[in-house]
Amino acid sequence: MSKQLQAVRGMNDILPQETPYWRLLEDTARRIFAAYGFDEIRLPIVEKTELFKRTIGEVTDIVEKEMYTFADRNGDSLTLRPEGTAGCVRGCIENGLTHNQIQRLWYQGPMFRHERPQKGRYRQFHQLGVECFGLAGPDIDAELIMMTARLWRDLGLHGLTLQLNTLGSAAARVAYRDKLVAYLQAHHEQLDEDSQRRLHSNPLRILDSKNPAMQTLLAAAPSLVDHLDEASQHDFGELCRLLRAAGIDYEVNPRLVRGLDYYNKTVFEWVTDRLGAQGTVCAGGRFDGLVEQLGGRDTPALGFAMGLERLVALLMDQGEREPDSAPHVYLVMAGAGTLEAGLLLAEQLRDADARLRIRSNCGGGSFKAQFKRADKSGARFALILGEAEVGQRSVSIKHLRDPDFEQQTVAWDELGHFLLQHLNLH
Ligand code: ATP
Ligand code: MG
């Protein structure tokens with residue numbers, strides 16, 4: 001036997017018993033995005049490395065150490081996308097979608113980050129994301145958050161908390177940044193290695209540090225809230241007011257800064273305590289400067305991304321899955337001439353109603369072996385086609401879940417009607 005090959009570490013197969021939870025999540029999200037007037041955009045998985053360096057920021061975890069970057073055959077440096085926003089902004093500018101237009105877009109797909117694989121953290125993972133262009137908020141900020149709240153409601157997910165902050169305008173951030181750097185510099189000896197490195201390149205990110213040894217220092221740091229420009233303060237107040245009016249609870253977390261460089265004003269995260277350390281299931285905020293930074297016109301923008309693996313873990317934990325997708329009917333066929341008749345009959349049933357899920361027995365086998373497969377398939381009914389039935393243009397029907405249901409014979413012509421009625425598909 002030759003050596004068995006394995007998947008790349010941190011890149012998972014999503015197996016048939018898991019896909020019903022994924023479908024429930026994806027179908028519900030798609031329906032809700034449409035209900036809020038969002039259109040889908042599909043973007044490449046590979047982009048030029050430069051794009052991520054320029055948008056996410058050189059001194060971020062993602063760009064410093066997590067990107068899957070490689071030279072293609074021409075020697076161009078390409079990267080498997082670590083997130084969706086950069087590509088979406090690039091695609092919108094390139095196709096003129098942000099030019100004097102409002103866009104409400106969503107996307108979905110795999111993202112790649114070379115992180116240490118652990119529960120809730122993988123090297124290929126999946127996001128559903130939303131981006132809006134041309135709206136300055138805070139009305140749209142509130143509506144985006146209301147849309148996510150509706151998604152949790154419709155999925156039956158409980159116990160998610162909304163954390164909210166505002167990073168202020170770019171100018172306010174610069175002013176605050178100077179104060180923060182001065183404070184941290186005065187306590188230089190208490191900074192860990194990461195923070196020392198970030199002190200001048202990305203000091204706000206230090207606030208996000210999870211290092212327990214630095215928490216006292218950070219708790220006493222000057223707070224961004226005290227340095228906000230008036231417009232940001234006003235918008236944040238409005239956002240909070242709109243959320244309260246919508247009955248959405250939130251916690252203001254002044255230390256929420258997000259790990260990427262491009263955010264300003266509103267930032268938010270939905271977190272749960274049910275997934276251990278990897279508790280953020282949805283994260284987003286404003287990135288008003290990004291379109292211009294990538295060569296477009298000055299365009300306000302905001303968005304969020306959800307981590308699907310983490311949401312699926314919550315759904316599985318609660319047992320929330322797509323309604324049953326097992327076959328309705330398993331078709332048992334044995335004897336001369338039964339295969340042709342059976343395959344044709346199954347086609348006619350599918351013609352009669354596209355919702356009918358029929359699994360025909362392929363691969364032959366005795367009646368006994370076929371009934372075993374029928375049971376295992378989860379089907380409600382077994383249709384039995386032997387030579388006698390073919391002769392009479394009928395099938396025998398056995399209920400596989402209800403022992404009180406008496407086996408009966410139904411003519412081919414009446415079979416569609418019979419099944420729809422007994423499966424409550426009318
Ligand atoms: P974290 O703090 O968990 O590292 P992040 O700030 O790097 O998250 P974002 O870039 O904002 O994450 O991505 C949005 C969401 O995507 C996260 O909230 C999370 O649910 C999910 N996510 C991010 N990285 C991973 C990963 N490596 N594996 C699985 N899900 C992930
Ligand atoms: Mg991360």
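Computed from a prediction, not measured in an experiment: that's the story for all the values here. Residue indices begin at 1 and follow the sequence shown. Atoms within a ligand are numbered from 1 in the order they appear, just like the ligands themselves.
Salt bridge absent: Glu143 and Arg150 never bring a charged side-chain N and a carboxylate O closer than 4.0 Å.
Look at Gln127 and you'll find a heavy atom under 4.0 Å from some atom of ligand 1. In this structure, Gln278 has no heavy atom closer than 4.0 Å to ligand 1. Not a single heavy atom of Glu83 sits under 4.0 Å from any atom of ligand 1.
Residues Asp61 and Arg205 meet the side-chain proximity criterion, which asks for heavy atoms closer than 4.5 Å.
The aromatic rings of Phe418 and His422 lie parallel to each other, with less than 30° between the two planes, well short of the 60° mark. Between His227 and Tyr176, the angle of the ring planes lies from 30° to 60°, which puts this pair in the tilted group.
Close N/O approach between Glu309 and ligand 1 is not found [any backbone or side-chain N/O within under 3.5 Å].
Considering only non-hydrogen atoms, atom 31 (C) of ligand 1 lies nearest to Phe125 out of Phe112, Trp270, Phe125, Tyr122.
Near Ala283, the atoms of ligand 1 lying under 4.0 angstrom from a non-hydrogen atom of the residue are 11 (O).
In this structure, Lys372 fails the cation-pi test against Phe367, since its NZ or CZ atom is not both closer than 6.0 Å to the six-membered ring centre and inside 45 degrees of the ring normal.
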